[in-house]
There are 2 protein chains.
Amino acid sequence: MTRSILEAVVVASHEVSMLTGDRIAAVLAEQGLTPATAQALWLIDPDEAPPSMKTMAHRLFCNAPNLSFITNQLVEREFVERSVDPADRRSRVLTLTESGRRARATVIAATLALTPFARLSPEDLRELMKLLRKTLEPADQETGGPAAATGEIQG
Amino acid sequence: MTRSILEAVVVASHEVSMLTGDRIAAVLAEQGLTPATAQALWLIDPDEAPPSMKTMAHRLFCNAPNLSFITNQLVEREFVERSVDPADRRSRVLTLTESGRRARATVIAATLALTPFARLSPEDLRELMKLLRKTLEPADQETGGPAAATGEIQG
DNA sequence: GGAAATTACTTCGAGACTCGAATCAACGTA
DNA sequence: TACGTTGATTCGAGTCTCGAAGTAATTTCC
């Protein structure tokens, strides 16, 4: 039985992810970040409203206790601050500190420099993004999944 | 600063990976597999020569102790068998058992059924595969990385 | 207004995952 | 035969993830 195109796509896409993680490992270590904390940091956009723990758990596909654990590390490293949401005092919102913003920018810059996708031409990237958008859009509607990865973009 | 297309691609691709892992979690649990053991199982192709520990560590982007740990679980669950490579008695090769082959087939089938990529048309999948091949091919040459994910394919 | 259910989060305990250091057996070479 | 190298394992430590249980704040419903 030979391999379908779908299987080849899944395997290749996974390979890109693993390769990327492998390549940025040294940069994360320099910043005092682990893969999990780096990912959490990435998903806090300093230009948007501070996300709640619930929102972050959703974005990270992890459960609440796990996010508490990750957040503790980020707070300890002084990359984020927990504060009570005045609108709902059960909820805690996460805001980046100044060094958190710097670390986040470093992680993103390193990733974009080292990702295998960086080899693609702008035209190929646009085509790839079109396909990824098509891949994710129906899924989000269907599952009510995390915030779409396909937000505002500037070529 | 708005987000580049490259960043959007990286984020979307990562989102697909996480979404896939999330969706197949129940199937893995049913099979008595964890994400790590399932990934290892996937990367042992029963139609090819049994890979050595070194080869598997390379494919999984992990180090030797970690692979020993994962392999122990797979051997314990009787999905794979360790045997000494007669050609080099330092080396151990991994072969799938019958139930290992079944579990592997189940994991792959579930993944292909649940991956967001499954929504793409055959034409889109071919186009996507072309871009992923382009993404990975030069990287493999440059790093001497793991076995390419772009092997024989049948539409 | 107040009891009951719900929601957001945390703590705790257990197990999975990953790594570096140290060790061992087998191979290659001189 | 002695020496350096290689493939794998064991060990200890730290990270990651989850379910169960608990706390505080909110909402619902009478």
Side-chain angles (χ1 to χ4, degrees), chain A residues 17-18 21-26 28-43 49-77 79-95, chain B residues 17-18 21-26 28-43 49-77 79-95:
Chain A
S17 289
M18 297 299 289
D22 189 59
R23 288 184 185 177
I24 66 173
L28 300 191
E30 271 172 27
Q31 302 287 317
L33 289 168
T34 63
T37 50
Q39 184 57 29
L41 208 58
W42 187 311
L43 293 183
S52 67
M53 298 292 280
K54 177 186 170 72
T55 300
M56 286 300 292
H58 200 216
R59 288 184 190 171
L60 285 165
F61 293 89
C62 74
N63 54 16
N66 190 7
L67 182 60
S68 275
F69 171 79
I70 293 168
T71 301
N72 285 341
Q73 297 179 78
L74 285 170
V75 169
E76 179 129 2
R77 294 273 312 159
F79 287 145
V80 311
E81 280 170 3
R82 263 196 189 90
S83 42
V84 173
D85 180 356
D88 183 344
R89 300 187 35 247
R90 291 169 300 181
S91 182
R92 315 278 188 275
V93 295
L94 301 183
T95 53
Chain B
S17 290
M18 298 299 288
D22 188 59
R23 289 183 184 178
I24 66 172
L28 299 191
E30 271 173 29
Q31 301 287 317
L33 290 168
T34 64
T37 51
Q39 184 58 28
L41 208 58
W42 187 311
L43 294 182
S52 68
M53 298 292 281
K54 177 186 172 71
T55 299
M56 285 301 292
H58 200 217
R59 288 183 189 170
L60 286 166
F61 292 89
C62 76
N63 55 16
N66 190 7
L67 182 61
S68 275
F69 171 79
I70 292 168
T71 301
N72 285 341
Q73 296 180 79
L74 285 170
V75 169
E76 180 128 0
R77 293 273 311 161
F79 287 145
V80 310
E81 281 171 0
R82 264 196 188 90
S83 43
V84 174
D85 181 357
D88 182 345
R89 301 189 33 248
R90 291 170 301 183
S91 182
R92 314 278 188 272
V93 295
L94 301 183
T95 53

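Order of the sequence lines fixes the chain letters, A, B, ..., with proteins taken first and strands second; residue numbering starts at 1 for each chain.
- A side chain to side chain contact (heavy atoms under 4.5 Å, CB included) with Arg82(A) is found for one member of Thr95(A), Leu74(A), Val75(A), Val93(A) and no other, namely Val75(A).
- One can place CG of Leu94(B) at 15 Å from P of dG7(D), the figure rounded to the nearest angstrom.
- Atom CG in Leu28(B) sits about 14 Å away from atom C1' in dT17(D), given to the nearest Å.
- We find the CG-CZ distance between Leu33(B) and Phe79(B) to be 5.0 Å, quoted to the nearest 0.5 Å.
- Atom pair Arg77(B):CZ and dA16(C):C1' shows a separation of 15 Å (rounding to whole Å applied).
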Taking protein heavy atoms under 4.0 Å as touching, what does nucleotides 3-9 of chain C look like 5' to 3' if B marks base contact, S marks sugar-phosphate-only contact and - marks none? ----BSS
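- Within the structure, every side-chain polar atom (N or O) of Asn63(A) is placed at least 4.0 Å from both OP1 and OP2 of dT17(D).
- Summarising the geometry, the separation between CD on Gln39(A) and P on dT17(D) is reported as 10 Å, rounded to the nearest angstrom.
- Here the shortest heavy-atom pairing between Met56(A) and Ala40(A) reads CE-O, 3.4 Å.
- One N or O on the side chain of Arg59(B) and one on the backbone of Leu43(B) form a donor-acceptor pair closer than 3.5 Å.
- Between the CG atom of Asp85(B) and the C1' atom of dT6(D) there is a distance of 13 Å, given to the nearest Å.
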Interface polar pairs with nucleotides 13-15 of chain D, N/O, under 3.5 angstrom:
none

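- With values rounded to the nearest 0.5 angstrom, Ile70(B) atom CD1 is found 7.0 Å from Thr34(B) atom OG1.
- Rounded to whole Å, the distance from CG on Asn72(B) to C1' on dA16(C) is 13 Å.
- In this structure, Arg92(A) CZ and Thr71(A) OG1 are separated by 11.5 Å, a value rounded to the nearest 0.5 Å.
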Test side chain to side chain contact (heavy atoms under 4.5 Å, CB included) on Gln31(A) and Arg77(A) and set out the steps. CA-CA 10 Å; Gln31(A) 302 287 317; Arg77(A) 294 273 312 159; 5.9 Å; no
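- The NZ atom of Lys54(A) lies 13.5 Å from the CG atom of Asp85(A); values are rounded to the nearest 0.5 Å.
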List the atom pairs, with distances to 0.1 Å, where a side-chain N or O of residues 60-69 of chain A and a protein N or O form a donor-acceptor pair under 3.5 Å, not counting sequence neighbours.
| from | atom 1 | to | atom 2 | distance (Å) |
| --- | --- | --- | --- | --- |
| Asn63(A) | OD1 | Asn66(A) | N | 3.2 |

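- Remark on DNA chain D: of its neighbouring residues Arg89(A) and Asn66(B), the 5'-side contact belongs to Asn66(B), judged by nearest-heavy-atom nucleotide.
- Ile70(B) has its CD1 atom 14 Å from the P atom of dA8(D), to the nearest Å.
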